[in-house]
Amino acid sequence: MVIKPYGFTLWENMKDALDKMFKDTGHVNAYFPLFVPKSLFEAEEKNAEGFAKECAIVTHYRLKNDPENPGKLMVDPEAKLEEELVIRPTSEAIIWNTYKNWIQSYRDLPLLINQWANVVRWEMRTRLFLRTAEFLWQEGHTAHSTKAEAIEEAEKMLEVYAAFAEEFMALPVIKGVKSESERFAGAVETYTIEALMQDGKALQSGTSHFLGQNFAKAFDVKFMNKENQEEYVWATSWGVSTRLVGALIMAHSDDEGLVLPPRIAPYQVVIIPFLRKNDEELTATMIAKSEEIKKQLNAKGIRVQIDTDETKRAGFKFAEYELKGYPVRLVVGPRDLENNNCEIARRDTKEKSIVSLEHIDDYIEQLLEEIQQNIYQKAKTFRDANITKVDSFEEFKEVLETKGGFISAHWDGSTETEKKIQELTKATIRCIPQNNPQEEGKCVFTGNPSKERVLFAKAY
RNA sequence: CGGGGUGUAGCGCAGUCCGGUUAGCGCACCUGGUUUGGGACCAGGGGGUCGCAGGUUCGAAUCCUGCCACCCCGACCA
């Protein structure tokens with residue numbers, strides 16, 4: 001997947017906000033290798049198994065000219081690696097192998113490290129942004145001296161993700177834990193934030209894992225505690241990826257194109273001055289005025305772009321910036337300037353209004369905030385309207401087919417039942433929600449007793 | 001890997017059944033002019049190994065054989 005500058009800026013803005021949140025919670029960044037020796041990779045069996053089917057592997061380290069096909073290259077059979085290198089699908093293996101050497105004492109703990117990196121998972125079928133063979137992400141890997149502290153860390157980072165999704169991406173999410181079959185390979189517990197796309201399908205948008213001592217045992221990561229006893233460390237890992245860009249697109253867009261929440265939009269405002277090809281004076285006036293407004297907005301920390309392209313008409317530009325999801329369009333023309341006005345159009349509601357240029361910076365600052373809230377509310381209203389409680393399998397199938405969204409249903413807790421339901425309906429358990437109300441009920445599929453509802457959905 | 005489909009200009013397509021002008025259309029691109037408050041118009045222009053290789057034929061985008069690539073559905077998955 002190629003990510004062009006506009007899309008990449010979205011990712012950068014997400015990255016910047018997240019990175020700050022990680023730092024604020026005591027984490028630091030580091031970088032670990034892309035290539036993982038196979039022997040390291042396979043050390044934690046469950047994790048290795050979980051990813052085995054989607055690993056790209058480096059087997060050779062050299063090409064040479066193909067004697068049979070002049071001008072072509074071939075893999076040099078002489079350059080076969082003694083040990084194959086797995087291209088990281090995730091970095092637990094190499095990181096824990098490294099942590100082993102960094103941790104000796106409880107004084108070295110907790111170790112709170114994050115890395116921004118690319119990973120490769122050889123997908124059979126890819127989907128732009130949502131599932132690509134190579135993607136960018138961040139992966140936090142932490143080591144703790146107690147189980148409670150590690151669990152607390154995993155839960156804390158889930159909260160960070162949820163806060164980021166809701167406050168920056170205007171994306172309402174449901175926090176919860178994964179069922180056993182959806183759990184990260186090698187984890188004891190996987191926490192997740194689940195979002196709902198406008199087509200009624202769910203999207204796992206971030207996960208945080210309590211890894212127990214699984215990796216510590218696999219990589220022999222021990223520390224000496226205060227009582228002078230050796231113990232295995234407790235671990236977590238957590239990540240979000242460029243999938244979030246896909247989430248953003250699919251959660252908010254409409255028939256006119258993207259709708260970007262101001263807090264991560266590459267530009268929050270586009271200023272479109274009316275220009276005339278053969279009227280240099282007018283053009284100069286309009287551009288000067290635009291620059292003046294831009295300066296004013298920049299002073300408030302607002303990201304602004306001015307479009308001074310004379311070869312495109314205004315109407316064309318309007319449509320184009322709507323397509324790109326710019327939250328606010330500010331138009332200045334001779335007619336407006338006579339009264340010291342401008343025309344403001346907001347992307348989320350498509351409303352246009354004439355606004356005085358006096359205090360335009362305050363006006364837009366407030367408007368951006370309003371748009372941010374409105375986009376979030378709209379998505380939340382949609383999400384809430386698409387969580388349906390069902391109490392029979394017939395109803396389950398009916399809702400899934402006609403309405404989609406999350407289905408809240410009783411489940412007997414068995415993997416077999418979950419699997420059967422998936423085979424019959426394509427729906428999977430997205431999560432067992434946090435603070436889930438406990439209520440007696442019967443499994444929607446088997447009729448076995450159940451003490452809580454879980455959320456099912458078709459998912460990306 | 002199984003089922004289905006598509007490869008013709010940067011993009012989207014027609015032409016292929018039934019072989020026969022110089023391979024065409026829309027968008028985009030370039031030049032000039034007129035326009036300009038919601039995706040402008042007119043005129044002119046540039047751009048093609050018709051996926052690749054072989055074959056049949058006087059003649060192949062079109063028929064035959066082989067190969068390749070991509071897309072959709074399924075199995076896998078964040």
Side-chain angles (χ1 to χ4, degrees), chain A residues 1 47 49-56 88-91 117-139 161 165 173 178 181-187 190-195 197 201-209 237-247 250 255-257 270 272-279 282-283 286 307 309-324 329-339 341-345 347 350-354 419 422-423 426 428 430-431 458-460:
Chain A
M1 172 171 64
N47 189 255
E49 250 182 63
F51 285 108
K53 282 174 288 182
E54 41 184 336
C55 286
R88 63 181 169 214
T90 179
S91 302
N118 58 339
V119 288
V120 169
R121 297 182 187 173
W122 210 263
E123 299 294 341
M124 293 185 203
R125 291 188 64 193
T126 59
R127 212 178 232 285
L128 208 60
F129 284 116
L130 299 185
R131 176 165 296 107
T132 47
E134 178 187 2
F135 57 93
L136 306 182
W137 77 344
Q138 61 62 221
E139 44 182 327
Y161 287 156
V173 293
K178 285 294 191 185
S181 64
E182 295 277 323
R183 194 141 67 207
F184 176 69
T190 289
Y191 303 84
T192 179
I193 51 170
E194 298 285 326
M197 303 296 102
K201 289 173 90 171
L203 184 75
Q204 178 175 308
S205 305
T207 49
S208 174
H209 316 287
S237 69
W238 27 274
V240 295
S241 70
T242 37
R243 165 175 266 200
L244 288 179
V245 177
M250 298 197 59
D255 289 348
E256 273 76 49
V270 59
I272 302 179
F274 271 97
L275 307 173
R276 296 263 160 76
K277 235 188 249 171
N278 298 320
D279 189 338
L282 176 93
T283 295
M286 290 303 143
D307 187 334
D309 187 345
E310 292 179 24
T311 67
K312 293 195 179 80
R313 306 169 105 222
F316 182 89
K317 294 180 183 179
F318 294 174
E320 197 175 37
Y321 290 107
E322 278 160 12
L323 192 69
K324 291 180 124 178
R329 178 178 76 232
L330 189 158
V331 180
V332 286
R335 210 185 285 166
D336 305 301
L337 287 195
E338 276 171 30
N339 308 304
N341 286 337
C342 65
E343 183 192 76
I344 299 284
R347 179 64 183 85
K350 307 276 311 268
E351 286 166 345
K352 288 193 282 195
S353 46
I354 302 295
K419 218 177 199 168
Q422 180 177 2
E423 278 167 21
K426 310 260 182 242
T428 50
R430 301 321 304 155
C431 74
K458 284 188 190 169
Y460 279 107

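So that the names make sense, note that chain A is the first sequence line, chain B the second, and so on, each numbered from 1.
- Looking at heavy-atom distances under 4.0 Å, A:L130 makes contact with a base.
- Cation-pi geometry between A:R243 and A:F135 is not satisfied (NZ or CZ under 6.0 Å from the ring centre, within 45° of the ring normal).
- Spacing of C1' atoms, B:rC52 relative to B:rA60, comes out at 16 Å, to the nearest Å.
- Straight-line distance from the OH atom of A:Y161 to the C1' atom of B:rA78: 12 Å, rounded to whole Å.
- Protein atom NZ of A:K178 is 8 Å distant from nucleotide atom P of B:rA78, rounded to whole Å.
- A gap of 12 Å separates the P atoms of B:rU62 and B:rG19, to the nearest Å.
- One N or O donor and one acceptor, one from the side chain of A:E322 and one from the base of B:rG38, sit under 3.5 Å apart.
- Nucleotide B:rC67 is matched to B:rG51 when pairs are restricted to Watson-Crick or G-U wobble geometry with both distances under 3.5 angstrom.
- Taking atom CZ of A:R335 as the reference point, atom P of B:rU36 lies 12 Å away to the nearest angstrom.
- Atom-to-atom, CD1 of A:I272 to C1' of B:rG37 comes out at 11 Å; the value is rounded to the nearest Å.
- Comparing atom distances between the A:F316 side chain and each of B:rG39, B:rG37, B:rA78 picks out B:rG39 as nearest.
- Heavy atoms of A:R329 sit under 4.0 angstrom from at least one base atom.
- Listed candidates were B:rG38, B:rG74, B:rA78. Nearest to the side chain of A:F318 is B:rG38.
- Remark: B:rA78 base-pairs with no nucleotide in the shown strands. Criterion, Watson-Crick or G-U wobble with two distances under 3.5 Å.
- Within the 4.0 angstrom heavy-atom criterion, only backbone atoms of the sugar-phosphate kind lie near A:E54; the bases stay farther away.
- For the pair A:D279 CG and B:rU34 P, the interatomic distance rounds to 14 Å; values are reported in whole Å.
- Remark: side-chain polar atoms of A:K350 are not paired, donor with acceptor, to backbone N or O of A:A345 under 3.5 angstrom.
- Rounded to an integer number of Å, the gap from A:D255 CG to B:rG39 P is 19 Å.
- Residues meeting the salt bridge (Lys or Arg N to Asp or Glu O under 4.0 Å) test with A:R121, sequence neighbours left out: none.
- Within 4.0 Å (heavy atoms only), A:F184 reaches no atom of the nucleic acid at all.
- At B:rA28, none of the side-chain N or O atoms of A:K312 fall inside 4.0 Å of OP1 or OP2 (strictly under the cut-off).
- Looking at heavy-atom distances under 4.0 Å, A:T132 makes contact with a base.
- The side chain of A:A319 lies closest to B:rG38, out of B:rG38, B:rC76, B:rA78.
- Atoms CD (A:Q138) and P (B:rA78) sit 16 Å apart, rounded to a whole Å.
- Proximity of A:R313 to the phosphate of B:rG37: a side-chain N or O atom is located under 4.0 Å from OP1 or OP2.
- Rounded to whole angstrom, the span from the CD atom of A:E423 across to the P atom of B:rG74 amounts to 15 Å.
- Listed by chain and number, the residues in a ring pair (Phe, Tyr, Trp, His ring centres under 6.0 Å) with A:F129 amount to none (sequence neighbours excluded).
- Searching all strands for a Watson-Crick or G-U wobble partner of B:rU36 with both distances below 3.5 Å returns nothing.
- Rounded to a whole angstrom, the distance from the C1' atom of B:rC68 to that of B:rG10 is 23 Å.
- Using a 4.0 Å cut-off between a side-chain N of Lys or Arg and a carboxylate O of Asp or Glu, A:E320 and A:K312 do not qualify as a salt bridge.
- The nearest heavy atom of RNA chain B to A:C342 and to A:Q422 marks one nucleotide each, and the one closer to the 5' end goes with A:C342.
- Side-chain atoms of A:V331 lie closest to B:rG37 of the nucleotides B:rA78, B:rG39, B:rG37.
- Under the 4.0 Å criterion applied to side-chain N and carboxylate O atoms, A:E256 and A:K324 are not assigned as salt-bridge partners.
- Between B:rU49 and B:rA23, the distance separating the two P atoms is 13 Å to the nearest Å.
- Shown here, B:rA14 forms no base pair; nothing in the strands shown gives a Watson-Crick or G-U wobble contact with both key distances under 3.5 Å.
- Taking atom C1' in both B:rC25 and B:rU65, the straight-line distance is 33 Å, to the nearest Å.
- Ring geometry, A:F184 versus A:H209: the interplanar angle falls under 30°, so the pair is classed parallel (tilted spans 30 to 60°).
- For A:K426, the listed nucleotide lying nearest its side chain is B:rA75; candidates were B:rA75, B:rA78, B:rG37.
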**OP:** Please assess A:I272 against A:Y321 for the test side chain to side chain contact (heavy atoms under 4.5 Å, CB included), listing each intermediate value before the final yes or no.
**Re:** CA-CA 10 Å; A:I272 302 179; A:Y321 290 107; 3.8 Å; yes
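- Toward the 5' end of RNA chain B, the nearer of the two residues A:A459 and A:F274, judged by each one's closest nucleotide, is A:F274.
- Base pairing of B:rC29: its partner is B:rG45, meeting the Watson-Crick or G-U wobble criterion (both donor-acceptor distances under 3.5 Å).
- With hydrogens and angles left out, the side chain of A:K350 and the base of B:rG38 share no donor-acceptor pair within 3.5 Å.
- Spacing between B:rG66 and B:rA28 at atom C1', rounded to whole Å, works out to 37 Å.
- With P as the reference atom, B:rG51 and B:rG46 are 24 Å apart, rounded to whole Å.
- Rounded to a whole angstrom, the distance from the P atom of B:rU6 to that of B:rA78 is 34 Å.
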